[in-house]
Amino acid sequence: MDKDIVGQQRSVFKSVMFYVTLGGLFCFCVFPIAWMVSTAFKHKDDIFSSPPKFIFEPTLENFHHIFTEAPILHYLQNTIIISVITTIFSILVGVFAAYALARFRFRGKEDLAFYILSIRMFPPIAAAIPIFLIMKNLGLLDTRISLIIAYTTFNLPFVVWMLRDFISSLPHELEEAAMVDGKSRMGAFFGVTFPLLMPSLAAVSTLCLIFSWNEFLFALILSQRDAKTLALGLTEFMTWREIGWENIFATATILVGPVVLFSFLVQKYLVRGLTMGAVRQ
């Protein structure tokens, strides 16, 4: 009886420690975002007050300032267009490349897959100058096309390798049965495999969108004004005279908000998609 009581106490203690640790990790992850959002609604004097003010009178002055003093809407429009088009191109090209690597047998297939992955291993900063020179020679500097090309280049390896594992986890007998019924290879893919890949496509698309949305390096190198993204627009409020923290936090809130909201909306599909390839059928 005493052993049962001791066992129950240990079980309760482990459960308490688990939830305490989980709560601590949650606060550690959420606190920076909560601090950023709260600071975006503070007056400038409240931001630098000591000790920090957790209870304050909120204001929309910071948001009014960034929309009137800087072309934030233009930067936001660029970010949306570039991120969405990059994601679409990456998925369209990547799904067919992944299908070929997963289903077809040809010489050098594994080498080709490794070469594709090596692009993702390549440090982006090492490719920055060559990509800048290429875009300059093509006359594409400070255009959305240059950023779409650069983002797609680094998104494709991730898409190909993720979808390759997802497709490999699906039974190929399903496609063979569809082809026996008279469908072509592409007909079997779009009629059988593609619908089963929808959770995985949603997960990969979300990650590609987040990467393109938050990217800073290539936006800094390839854009000046016309193609400037919102992530780069944060630097508008950093001058030699001062750093406008209240404006930076307001812009950062606009930058982070849509991504966080979208991630919550597709959370179910994101979890299903990322765990789909973990189990072989």
Identify the heavy atoms of [X] and [Y] that sit nearest to each other, and give their distance.
X: Ile82; Y: Thr86; result: O-OG1, 2.7 Å
X: His43; Y: Glu57; result: CD2-O, 3.6 Å
X: Cys208; Y: Val159; result: SG-CG2, 3.3 Å
X: Thr87; Y: Ser83; result: OG1-O, 2.8 Å
X: Ala40; Y: Asn62; result: O-ND2, 2.8 Å
X: Leu156; Y: Ser90; result: CD2-O, 3.5 Å

Euclidean distance, Arg107 CZ relative to Lys109 NZ, rounded to 0.5 Å: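 The CZ atom of Arg107 is 15.0 Å from NZ of Lys109, to the nearest 0.5 Å.
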CG on Leu220 to CZ on Phe132, rounded to 0.5 Å: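 With rounding to 0.5 Å, CZ (Phe132) is 11.0 Å from CG (Leu220).
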In terms of hydrophobic clustering (I, L, V, M, F, W, Y; side-chain heavy atoms under 4.5 Å; direct or indirect links), are [X] and [Y] co-clustered?
X: Leu73; Y: Val259; answer: yes
X: Leu201; Y: Phe190; answer: yes
X: Leu255; Y: Ile243; answer: yes
X: Leu76; Y: Leu60; answer: yes

If we only count heavy atoms from C-beta on, is the [X] to [Y] side-chain gap below 4.5 Å?
X: Val204; Y: Phe166; answer: yes
X: Leu207; Y: Phe158; answer: yes
X: Phe96; Y: Phe189; answer: yes
X: Thr59; Y: Lys42; answer: no
X: Met36; Y: Thr253; answer: yes

Taking [Y]'s backbone N and O only, do any of them form a donor-acceptor pair with [X]'s side chain (distance below 3.5 Å, no angle check)?
X: Ser146; Y: Leu140; answer: yes
X: Asp226; Y: Asp142; answer: no
X: Lys183; Y: Ala178; answer: no
X: Trp161; Y: Ala113; answer: yes
X: Arg103; Y: Ile167; answer: yes
X: Asn137; Y: Leu133; answer: yes
X: Ser118; Y: Tyr115; answer: yes
X: Ser184; Y: Gly187; answer: yes
X: Thr152; Y: Ile149; answer: no
X: Asn247; Y: Phe237; answer: no

More than 12 non-hydrogen atoms from neighbouring residues, nucleotides or ligands closer than 6.0 Å to [atom1] on [X], yes or no?
X: Phe114; atom1: CZ; value: no
X: Leu138; atom1: CG; value: yes
X: Lys136; atom1: NZ; value: no
X: Met179; atom1: CE; value: yes
X: Tyr19; atom1: OH; value: no
X: Ile129; atom1: CD1; value: no
X: Phe67; atom1: CZ; value: yes
X: Phe106; atom1: CZ; value: yes

Arg105: partners by salt bridge (Lys or Arg N to Asp or Glu O under 4.0 Å), with sequence neighbours left out: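 Arg105: no salt bridge (Lys or Arg N to Asp or Glu O under 4.0 Å) contacts found.
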Derivation of the side-chain hydrogen bond (donor to acceptor under 3.5 Å, both in side chains) call for Ser212 and Asn155: CA-CA 8 Å; Ser212 302; Asn155 269 337; 3.2 Å; yes
Side chains of Glu215 and Thr229, donor plus acceptor under 3.5 Å: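 Side-chain D/A pair, Glu215 to Thr229: absent.
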Side-chain donor-acceptor contact under 3.5 Å, His65 with Glu61: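 No, no side-chain donor-acceptor pair sits under 3.5 Å.
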Ring pair (Phe, Tyr, Trp, His ring centres under 6.0 Å) partners for Phe41, two or more places apart: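 For Phe41 the ring pair (Phe, Tyr, Trp, His ring centres under 6.0 Å) partners, ignoring immediate neighbours, are Phe63.
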Results of ring pair (Phe, Tyr, Trp, His ring centres under 6.0 Å) for Phe154 - residues two or more places apart only: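 With sequence neighbours excluded, Phe154 shows a ring pair (Phe, Tyr, Trp, His ring centres under 6.0 Å) to Phe218, given in chain and number order.
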Glu236/Lys228 ion pair, N-O < 4.0 Å: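 Salt bridge: yes.
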